[in-house]
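The sequence lines fix the lettering, A, B, ..., with proteins before strands; numbering per chain opens at 1.
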Amino acid sequence: MVKITFITNDNEKVTLEAESGSVMELAVNNNIQGIDGDCGGVCSCATCHVHVDPLFFDKIGEATEIEKDMLELDDNVNEYSRLSCQLQITDDLDGVVLTVAK
Amino acid sequence: MKKKEKTCVIIGASHAGVNCAFALRKEGWQGAVVLIDSDPELPYHRPPLSKTYLNEPAADLQSLKPLESYHKNNIKLLLDKTVSKIDSLKRQIILYDGTCFEYTKLVLATGAKPIIPPIEGLKQISKVFTLRTAGDITSIKNAFFKSDKKKAAIIGGGYIGLETAASLKKMGAEVTVLERESRILARVTSSYISNFFQELHKRNGVDIQVGKNVFAVENYNDTIRIYCDDATEFDVDILILGVGVKPNCTIASKAELKISDGILVDEYTQTSNEHIYAIGDVSYHYNKNYGYNVRLESVQNAVEQSKIAALNIAGKKIKYDTIPWFWSDQFDIKLQIVGLANGYTDVIVREDDLEKPVISVWYFKDETLLAVDAINNAKAYVFGTKFLKNKIRVDKAKLKDISVPINNSLEVN
């Protein structure tokens with residue numbers, strides 16, 4: 001089991017466990033506020049934006065080119081931004097802290 | 001006397017209805033929320049139906065929300081139930097099984113249904129399918145796996161029909177698309193994009209036939225024989241209708257709501273009855289950015305209108321004001337569309353890379369940007385969105401020059 005912690009816009013900390021699927025699906029299935037995933041996870045809507053804890057960013061890696069472009073739609077983009085539909089849950093993500101973008 | 005609890009009833013539990021129910025809770029609606037749909041499945045994402053749900057054998061439906069979320073948010077979800085009528089005087093809705101719900105506010109998110117074209121003999125064919133619900137696609141999947149010949153024809157070359165063609169091809173079917181107009185996507189896009197997708201499908205082995213008006217079909221031995229009015233015939237064993245949809249307005253028109261191409265709503269998503277709202281594919285609404293009424297078949301419109309309806313029902317007066325966007329995935333191509341190109345006078349095609357390909361098509365009415373179609377080109381989609389949202393003038397000469405990158409430097413100085 002991989003543990004993933006979300007920090008929501010209300011500063012609430014929620015830690016969830018999962019084995020597979022995308023981080024967006026995990027968040028939507030557990031009602032994490034601010035992660036909508038309107039397009040269903042095909043990198044088309046930019047409604048699942050998270051900021052990755054800098055300590056984990058190397059492990060997770062940078063966004064792909066399409067993802068980077070899509071992130072530009074959001075004013076709150078920073079160097080640690082990712083679209084959570086593009087983050088597949090693997091052991092590498094264990095313990096990661098993701099802050100839901102405002 | 002105990003004050004009666006307020007109730008918001010939502011008819012239709014797809015992208016619009018489901019998001020509206022959850023948005024009502026987010027906006028602090030204290031009353032009951034009742035969400036009804038005739039589909040038996042837990043509400044699901046529709047766009048993957050013609051894509052991964054069809055072409056990946058093990059794919060499951062992708063739920064919009066898990067079942068527990070409805071419980072947690074105190075949303076009463078009634079599936080496999082059909083509404084027979086709205087009594088707008090008593091403010092009640094009545095289901096076919098006789099159940100009756102009183103409403104304080106009613107939201108119609110009844111969506112659209114496939115158009116069945118007037119083709120002779122269609123009723124006698126058992127293996128004819130439409131493209132709308134999970135049930136439709138599951139039936140196509142089953143027919144495909146049972147079929148020996150795996151020969152499919154899709155009548156209608158619109159986005160959903162083409163996505164289905166791409167999926168069936170990927171699954172190993174022999175696929176023919178029969179389009180009545182002289183090009184596919186004729187109703188919805190420019191000839192450049194039509195040609196692009198026509199070539200893409202041909203390259204991937206889909207037989208695209210244009211100018212084919214199907215007038216009759218019949219069972220012929222083990223196959224379905226399709227007759228076109230130019231005297232051509234096609235034999236297949238799976239027949240799919242993809243000629244578009246029409247809005248589900250029946251209960252709304254019986255309730256005497258104003259209907260046009262869909263249920264007419266104002267900028268607050270309110271219908272001609274102040275207690276009734278209409279959202280999603282069924283709503284005929286004014287788009288402020290373009291200055292005309294539209295009915296849109298899109299997830300974006302469904303989701304965003306659902307939030308506006310919830311805000312207004314919760315007592316905040318908020319107008320709907322968005323730039324529409326769409327997407328389509330076919331083979332390895334991602335098409336993203338922003339804006340409405342209707343009435344364009346000028347098209348600029350930017351072929352940044354024909355190999356990959358990376359292309360964008362920019363639609364203008366004189367000097368005003370109306371819409372962008374971006375092929376594997378999220379940058380063009382994103383900057384197109386920004387230019388449209390902020391009403392920025394784009395320098396056409398720079399746009400035509402692919403040595404000028406797509407970014408803010410395209411603005412008119």
* To do: Using a heavy-atom cutoff of under 4.5 Å, enumerate the residues of residues 34-43 of chain A that contact chain B, numbered in order, or state 'none'.
  => A:D36, A:G37, A:D38, A:C39, A:G40, A:V42, A:C43

* Considering all heavy atoms, the nearest B:P66-A:N29 contact -> CG-O, 3.1 Å

* To do: Find out whether B:V303 and A:T47 are in side-chain contact, i.e. whether some heavy atom of one side chain is under 4.5 Å from a heavy atom of the other.
  => no

* Name the option with the most non-hydrogen atom pairs under 4.5 Å to chain A; the candidates are B:K72, B:K334, B:Q300, B:K65. => B:K334

* To do: Answer with side chain, backbone, both or neither: which region of B:N73 has an atom nearer than 4.5 Å to a non-hydrogen atom of chain A?
  => side chain

* Do any of residues 11-28 of chain A have a heavy atom less than 4.5 Å from a heavy atom of chain B, and if so, which, in residue order? -> A:E25, A:V28

* Heavy atoms under 4.5 Å from chain B: which residues of residues 60-85 of chain A carry them? -> A:I66, A:D69, A:M70, A:E72, A:L73

* **Contact residues of residues 94-102 of chain A (partner chain B; heavy-atom separation under 4.5 angstrom)** => none

* Quick one: what part of B:K389 sits under 4.5 Å from any heavy atom of chain A, side chain, backbone, both or neither? -> neither

* Sort B:N377 into side chain, backbone, both or neither according to what part of it lies under 4.5 angstrom from a heavy atom of chain A. => neither

* What do you reckon, is NZ of B:K398 surrounded by more than 12 foreign heavy atoms closer than 6.0 Å? -> yes

* Segment of B:T385 engaging chain A (4.5 angstrom heavy-atom cut-off) -> side chain

